[in-house]
Chemist: 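Attaching a single structure in structure tokens format; questions to follow.
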Amino acid sequence: MSSQEEKGHVPSTPENEKPPAFEQGPGLVGHQARDDEDFRTRNGLNLKSFQRRPEASADITETLDRTMKGRHLHMIAIGGSIGAGFFVGSGGALRTGGPGWLLIDFMIIGVMMFNTVYALGELAVMYPVSGGFYTYSTRFIDPSWGFAMGWNYVMQWAVVLPLELTVCGVTVGYWNDEISVAVWITIFFLFIVFVNVFGTLGYAEEEFWSSCIKLAATVIFMIIALVLVLGGGPKGSRYDHYTGAQLWYDPGAFANGFKGFCSIFVTAAFSFSGTELVGLAAAEARNPVKELPGAIKQVFWRITLFYILGLFFVGLLIPYTDPGLIGAPDQAYADANTSPFVLVGNYANLKGFDSFMNVVILISVVSIGVSAVYGGSRTLTALAQQGYAPKVFSYIDRSGRPLYSVLFILAFGPLAYVNLDADGPTVFNWLLALSGLAALFTWGSICLAHIRFRTAWKRQGRSLDEIPFKAVGGVYGSYLGLGLNIMVLIAQLYVSISPIGSDLNTASGFFMSYLALPVVIVFWIGGFIWKRSGWLKLDQIDLDTGRRALPWDEINEYREQLAKMPAWKRLFHTIFV
């Protein structure tokens with residue numbers, strides 16, 4: 001007999017739990033109350049919409065808007081985080097490590113993200129709470145560490161917003177560099193504010209359409225790239241003859257040896273930042289139990305088809321010695337003209353293709369800016385409602401917006417103007433240093449939280465059949481994800497101490513490359529002082545509070561259908577469908 005049964009608690013199982021309808025469970029009351037509001041109030045278009053939501057509760061999941069649809073979650077998963085890191089930063093990574101290290105490093109980060117997102121999906125289906133990354137760390141690891149992860153995630157997005165606004169201004173300068181960048185920063189900042197007026201729906205629709213454009217552009221690029229590699233470029237261009245893998249031999253596939261391998265990880269990590277937002281958005285989806293697993297499975301296609309295949313073509317078309325590439329990853333967001341995707345169009349003499357790719361880069365950067373406000377504000381609201389941040393940030397208005405949390409993240413936007421000053425780039429690089437590695441701590445914490453969850457689940461006598469959506473790699477996948485996160489942090493530590501071209505870095509150079517670690521440690525200490533709690537024992541972990549009511553009839557029916565399929569088809573459905 002398990003310890004829970006001895007205490008009179010019978011774990012909820014597919015057999016003894018009453019299967020509720022999909023729309024039942026947390027959030028229904030708040031969602032219904034929102035439907036009772038008039039159109040203008042629901043969509044944040046009048047003054048009444050800014051009033052506090054009357055049914056606001058201690059659970060953010062029950063209070064926030066829940067209008068996100070399956071198509072929104074799928075596109076957030078596939079294209080949500082494709083931005084300047086991929087389209088522009090990859091140029092600096094190519095120059096630093098060559099096409100070989102570029103491909104290998106992005107594949108390593110891809111494997112890590114595959115396991116991380118599946119671990120997140122398993123947790124988010126059972127406990128779909130907004131601000132989930134922080135709450136999972138608090139619930140399954142250590143409340144002090146959860147405090148650190150929550151504030152680390154908030155500050156990561158708060159810093160990303162001015163970074164992306166600056167890239168927007170510089171990107172427009174490709175067509176007209178006579179107008180001050182400040183004008184464009186202002187215009188795009190106001191656009192991001194406008195999108196956030198519509199709350200969750202504004203973010204979801206913007207992400208859906210921008211992701212469609214980014215994915216279509218990447219597919220178009222890969223088709224054109226294949227033609228160019230085969231020698232189908234216009235006569236007189238660099239690609240009017242077959243080149244194949246020539247650039248992998250001359251100038252070569254690898255640059256700067258082991259340091260080149262280690263240096264690319266920070267750019268790769270920045271490029272994948274935001275992949276985890278699909279788990280954050282699950283709390284505001286209409287039906288996360290049904291829609292989230294399918295969205296999680298789309299991440300495989302993004303990693304394989306867009307990051308890996310796209311950068312493979314870049315390495316075949318642009319030599320790492322090309323003077324048009326940026327000189328270092330920390331300059332990746334200063335000039336969109338150095339994007340290898342733009343350079344390919346220029347070298348192929350494809351008129352208009354450079355402008356087309358710059359428009360796509362601009363849309364991508366604005367999209368990440370909108371995501372920064374969404375991700376940062378939802379996490380800050382969750383922190384406030386759990387007593388880890390000032391209570392004022394728990395305010396949610398009648399249209400479902402965490403109003404003061406959104407304003408807090410938006411307040412960081414004007415930092416983009418700092419880059420216009422003579423000393424601005426220095427400040428800008430420090431802001432970039434703060435955000436560069438922050439995502440790695442978030443991803444590692446997700447994997448560790450999943451490991452702790454599974455260990456406690458087994459320790460407390462629960463069955464895996466009670467878990468509706470399981471990570472493909474199980475707990476071993478999370479161990480792999482956590483191990484790769486630690487490996488990347490060690491690799492970045494090495495090049496922070498001994499960068500390319502130098503035996504020993506300066507103190508300012510080291511912290512500019514590794515600032516995220518001391519920031520996380522300070523937050524961790526602050527969390528311990530605030531909460532006076534440490535590492536949780538397995539028996540202390542609460543596995544029941546906040547679990548979503550699940551439609552076990554439909555889940556078991558799907559499992560039965562899956563069991564009847566041939567092995568190959570079962571594998572296909574498990575991973576991709």
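The analysis underlying the following values was restricted to heavy atoms, covering all of them including side chains, and did not include hydrogens, waters or symmetry mates.
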Chemist: Relative to the ring of F265, is the ring of F261 parallel (under 30°), tilted (30 to 60°) or perpendicular (over 60°)?
Modeler: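 The rings of F261 and F265 stand perpendicular, inter-plane angle above 60°.
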Chemist: Could you check whether any side-chain heavy atom of C168 comes within less than 4.5 Å of a side-chain heavy atom of L362, counting everything from C-beta outward?
Modeler: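 Yes; the side chains approach each other to less than 4.5 Å.
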Chemist: Okay, side chain of T243, backbone of Y239: is any donor-acceptor separation there less than 3.5 Å?
Modeler: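 Absent.
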Chemist: Between the side chains of Y417 and T166, is a donor N or O closer than 3.5 angstrom to an acceptor N or O?
Modeler: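 Checked: Y417/T166 side chains show no N/O donor-acceptor pair below 3.5 Å.
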Chemist: Is any side-chain heavy atom of V160 closer than 4.5 Å to one of F412?
Modeler: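 No. Closest side-chain heavy atoms not under 4.5 Å.
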Chemist: Decide whether N115 and Y479 meet the rule of one side-chain donor and one side-chain acceptor closer than 3.5 Å.
Modeler: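 The answer is no; no qualifying pair exists.
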Chemist: Working to the nearest 0.5 Å, report the span between OH of Y320 and CG of L94.
Modeler: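 Nearest 0.5 Å value for the OH-CG distance: 9.5 Å.
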Chemist: Taking all non-hydrogen atoms of both residues, which atom of I192 and which atom of V373 are closest, and how far apart?
Modeler: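 Taking I192 first and V373 second, the nearest heavy atoms are CG2-CG2, 3.9 Å.
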Chemist: Taking all non-hydrogen atoms of both residues, which atom of R238 and which atom of P319 are closest, and how far apart?
Modeler: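 Closest pair (atom of R238, atom of P319, distance): NH1-CD, 3.9 Å.
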Chemist: Any side-chain donor-acceptor pair under 3.5 Å between Y153 and E276?
Modeler: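 A donor-acceptor contact under 3.5 Å links the two side chains.
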Chemist: Parallel, tilted or perpendicular for F353 and F356, by the 30°/60° rule?
Modeler: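 F353 vs F356 ring planes: tilted.
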Chemist: Please check if the side chain of K214 supplies one atom and the backbone of V360 the other of a donor-acceptor pair under 3.5 Å.
Modeler: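 No: the side chain of K214 does not pair with the backbone of V360.
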Chemist: Would you say that P340 contacts S90 through its side chain, given a criterion of any heavy-atom pair below 4.5 Å between the two side chains?
Modeler: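 The answer is yes; the side chains approach within 4.5 Å.
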Chemist: Classify the ring geometry of Y118 against F469: parallel below 30°, tilted from 30° to 60°, perpendicular beyond 60°.
Modeler: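 Rings of Y118 and F469: parallel, as their planes differ by under 30°.
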Chemist: With a 4.5 Å cut-off on side-chain heavy atoms, are V219 and I223 touching?
Modeler: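 I223 vs V219: side chains touch.
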Chemist: If you measure from CG on L437 to OH on Y514, what distance do you get to the nearest 0.5 Å?
Modeler: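 Atom-to-atom, L437:CG and Y514:OH are 6.5 Å apart.
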Chemist: Quick check, are the ring centers of F86 and Y307 under 6.0 angstrom apart?
Modeler: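 Centroid distance F86-Y307: below 6.0 Å, so yes.
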Chemist: So which atom in G315 and which in W248 form the shortest heavy-atom distance, rounded to 0.1 Å?
Modeler: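 Answer, listing the atom of G315 first, then W248: O-NE1, 3.7 Å.
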Chemist: Please identify each residue that fulfils side chain to side chain contact (heavy atoms under 4.5 Å, CB included) with W568, with sequence neighbours left out.
Modeler: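 For W568, the residues satisfying side chain to side chain contact (heavy atoms under 4.5 Å, CB included) (neighbours in sequence not counted) are P566.
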Chemist: Test your reading of the model: is there a side-chain donor-acceptor pair from S237 to the backbone of P234, 3.5 Å cut-off?
Modeler: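 Pair found, side chain donor or acceptor close to backbone of P234.
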Chemist: I'd like to know if the side chain of S211 and the backbone of L215 have a donor-acceptor N/O pair within less than 3.5 Å.
Modeler: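 No, the answer is negative, given that no donor and acceptor are paired below the 3.5 Å cut-off.
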